[in-house]
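Read the structure below first, then the notes.
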Amino acid sequence: QVQVVESGGGSVQGGGSLRLSCVVSGFTVNKNCMGWIRQAPGKEREGVVSVYAVDGTTEYADSVKGRFTISEDRAKNTLYLQMSSLKPEDTATYYCQILDLTSDYCVVRSIHMYKNWGQGTQVIVSP
């Protein structure tokens with residue numbers, strides 16, 4: 001079983017920045033896909049970024065390209081999402097994903113379809 005704890009969310013004005021963190025524990029040896037998804041109020045979940053750990057293939061949603069950056073600190077078992085130039089439309093609850101998927105399925109357009117492990121962290125961006 002995988003456990004994750006997301007943090008770092010908060011309220012920020014448009015144009016601001018936040019860094020989200022996801023501390024991962026539990027059985028992760030076969031988890032080769034990681035990323036972040038989000039769910040805005042009244043909307044469906046969507047993928048933000050996916051990383052296929054086997055070869056490092058990284059894919060960002062068009063809506064966040066150039067503004068968000070995923071990174072990890074393996075020594076700390078922590079996944080990060082640096083978010084810059086935030087927009088009101090980025091307002092959502094953000095969840096990290098730690099999955100066991102092949103490369104065909106570890107893509108940003110479908111990473112949100114799988115069960116997430118944590119409670120998420122809320123990001124609110126005001127105009």
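Small disclaimer: the values here were computed from a predicted structure and weren't measured.
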Where at least one partner belongs to residues 52-64, residue pairs that pass salt bridge (Lys or Arg N to Asp or Glu O under 4.0 Å), sequence neighbours excluded: D62-K65

Nearest non-hydrogen partners of V24 and V4, listed with the distance: CG2-CG1, 4.1 Å

Test log, rule side chain to side chain contact (heavy atoms under 4.5 Å, CB included), inputs T69 and Y80: CA-CA 8 Å; T69 303; Y80 300 101; over 6 Å; no

Closest approach of Q82 to S17 (non-hydrogen atoms, all atoms of both residues): NE2-CB, 4.0 Å

Nearest heavy atoms of R109 and M113, plus distance in Å: O-CE, 4.1 Å

pair C96-M34: side-chain heavy atoms closer than 4.5 Å: no

Approximate separation, where rounding is to 0.5 Å, of S71 OG and L79 CG: 7.0 Å

N/O donor-acceptor pair under 3.5 Å between S110 side chain and Y105 backbone: yes

Full working for side chain to side chain contact (heavy atoms under 4.5 Å, CB included) between Y114 and L101: CA-CA 10 Å; Y114 303 91; L101 297 174; 3.7 Å; yes

Closest non-hydrogen atom pair, I111 against C33: CD1-SG, 4.1 Å

Considering all heavy atoms, the nearest G47-A61 contact: O-CB, 3.5 Å

CD (E44) with more than 12 external heavy atoms under 6.0 Å: no

Minimal non-hydrogen separation, L86 against L18, with atom names: CD1-N, 3.9 Å

Test item: F68 and W36 side chains (from C-beta on) under 4.5 Å apart, heavy atoms: no

Check: R45 and N116 side chains under 4.5 Å, non-hydrogen atoms: yes

Pairwise side chain to side chain donor-acceptor pair (under 3.5 Å) hits with a residue in residues 90-104, at least two apart: N30-D100, R38-D90, R38-Y94, R67-D90

Heavy-atom neighbours of K115 NZ exceed 12 at 6.0 Å: yes

Transitive ILVMFWY side-chain link V12 to V64, under 4.5 Å: yes

Hydrophobic cluster membership, V2 vs V51, 4.5 Å side-chain cutoff: yes

Donor-acceptor contact below 3.5 Å, side chain E6 vs main chain L20: no

Check: T58 side chain, G56 main-chain N or O, donor-acceptor pair, under 3.5 Å: yes

S50 OG to H112 NE2 distance, which is reported to the nearest 0.5 Å: 11.5 Å

V48 reachable from W117 in the ILVMFWY side-chain graph, under 4.5 Å edges: yes

Within one Ile-Leu-Val-Met-Phe-Trp-Tyr cluster: V123 and L81, side-chain cutoff 4.5 Å: yes

From CE (M83) to CZ (R19), nearest 0.5 Å: 11.5 Å

